[in-house]
Number of protein chains: 2
Amino acid sequence: MIYAIGEVSERIGLPISTIRYYHKNGLMPHVDRTAGGQRRFSDDDVEWLRYLERLRATGMPIAEMREFVELIDGGEETLERRRQIMRNRRSEVEAQLAELQTTLGIIAYKCWYYDRALELGDEQAARAIPPEEMPPEVRSARELCRFSW
Amino acid sequence: MIYAIGEVSERIGLPISTIRYYHKNGLMPHVDRTAGGQRRFSDDDVEWLRYLERLRATGMPIAEMREFVELIDGGEETLERRRQIMRNRRSEVEAQLAELQTTLGIIAYKCWYYDRALELGDEQAARAIPPEEMPPEVRSARELCRFSW
DNA sequence: CTTGAACCTAAACCTTACTTCAGGTCTATC
DNA sequence: GATAGACCTGAAGTAAGGTTTAGGTTCAAG
């Protein structure tokens, strides 16, 4: 199938302006044009865009994504560098995951604390609950952040 | 213990300018000052800064963090709103975790692919490896992204 | 009591990642 | 072949989250 930019935007939920911006910045080099100059996207282009979105969500900068896209067109010469970029991305994502998991624990503790405080009608009372009465996930997260606020 | 801004910066690895910026924007309301106007941070202040950093890493905007800090000083009246903010943060972090985990799988597949391509000296050969010979994590991630690039 | 390193502020500047605008062109449909 | 809605471009604008600069003050060691 072939799509105009508005359809692509609709399908993947990214603004038209963003898709143009990515295209302009070399993140989607092989997009076709009509004789009149309008962009026409293939299913592969749409799929690629989804992949770009995923990488962006890991915090990968536009410039690095462009480098990566250029390397792909560079053939076998660039394999090593591409691997390096992906390995680097992998460690970043692993680090993010580890931190987010810990933070999620802390946030869950806060939520538990607010639930108890509202239930008991009193923050002091919630703060006085002994660790033994906390659910286990909450108990362990509590040690990572000594504020009950 | 009491610390000057440079020591805090050193200890937690955040630039001095950022700490000043956070303070100025109401994220650390209770920091002391010397008679001459220099900031003096307590252990609790340092701990609080670490907590702010964690929340920032989840993508929480500065403005929302400031609101949260103000609510804490607002007492019991604000419990409901504080809970709402933390619940909201929780779902955002959960969504991020889910997406990052999937993306990590895809990235791991790419790394595996580059390893094989470099090992075999040929991308075509790597692409020709049948799914049965892939490690299981890699095999499942491969289905999420049909590009071998 | 001096002096150099560390600190202060306000204001300007910067970077990243988009978004909006103005003015014009394409294209599918009637 | 007219026309409305979708598309185009380059350039300017925006928002968030800091960072840098300039000009001055404070602090602690000697």
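Keep in mind that the numbers below use all heavy atoms, side chains included, and drop hydrogens, waters and symmetry copies. Chain A is the first sequence line, chain B the second, and so forth, proteins listed ahead of strands; every chain is numbered from 1.
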Does this structure show an ion pair linking B:Arg82 with B:Glu77, if we count only N-O contacts that are shorter than 4.0 Å? no
Looking at CD1 of A:Ile106 and CG of A:Leu144, how far apart are the two atoms once the value is rounded to the nearest 0.5 Å? 5.0 Å
Tell me the interatomic distance from B:Ile5, atom CD1, to D:dC27, atom C1', rounded to whole angstroms. 15 Å
Calculate the interatomic distance between A:Arg33 atom CZ and D:dC8 atom P; express it in whole Å. 6 Å
D:dG17 phosphate, OP1 or OP2: any side-chain N/O from B:Arg66 under 4.0 angstrom? no
I want to check a possible cation-pi pair here: B:Lys110 against A:Tyr51, using under 6.0 Å from ring centre and within 45° of the ring axis as the test. yes
Taking side chain to side chain donor-acceptor pair (under 3.5 Å) as the criterion, tell me which of B:Arg54, B:Arg89, B:Arg90 meets it with A:Thr103. B:Arg54
The side chain of A:Ile16 is closest to which nucleotide in this list: D:dT9, C:dC7, D:dC7? D:dC7
When you measure from the side chain of A:Arg142 to the backbone N and O of A:Arg146, does any donor-acceptor pair fall under 3.5 Å? no
Specify the residues of residues 17-30 of chain A, ordered by number, for which at least one heavy atom lies under 4.0 angstrom from an atom of DNA chain C. A:Ser17, A:Thr18, A:Tyr21, A:Tyr22
Are B:Ile129 and B:Phe147 linked, directly or through intermediate hydrophobic residues, by side-chain heavy-atom contacts shorter than 4.5 Å (ILVMFWY only)? yes
Output the residues of residues 34-63 of chain B in contact with DNA chain C, where contact means a heavy atom of the residue under 4.0 Å from an atom of the strand; sort by number or write none. B:Gly37, B:Gln38, B:Arg39
Salt-bridge contact B:Asp45-B:Arg40 (side-chain N to carboxylate O under 4.0 Å): no
Distance col, row B:Cys111:SG vs A:Arg87:CZ, nearest 0.5 angstrom, shows 6.5 Å
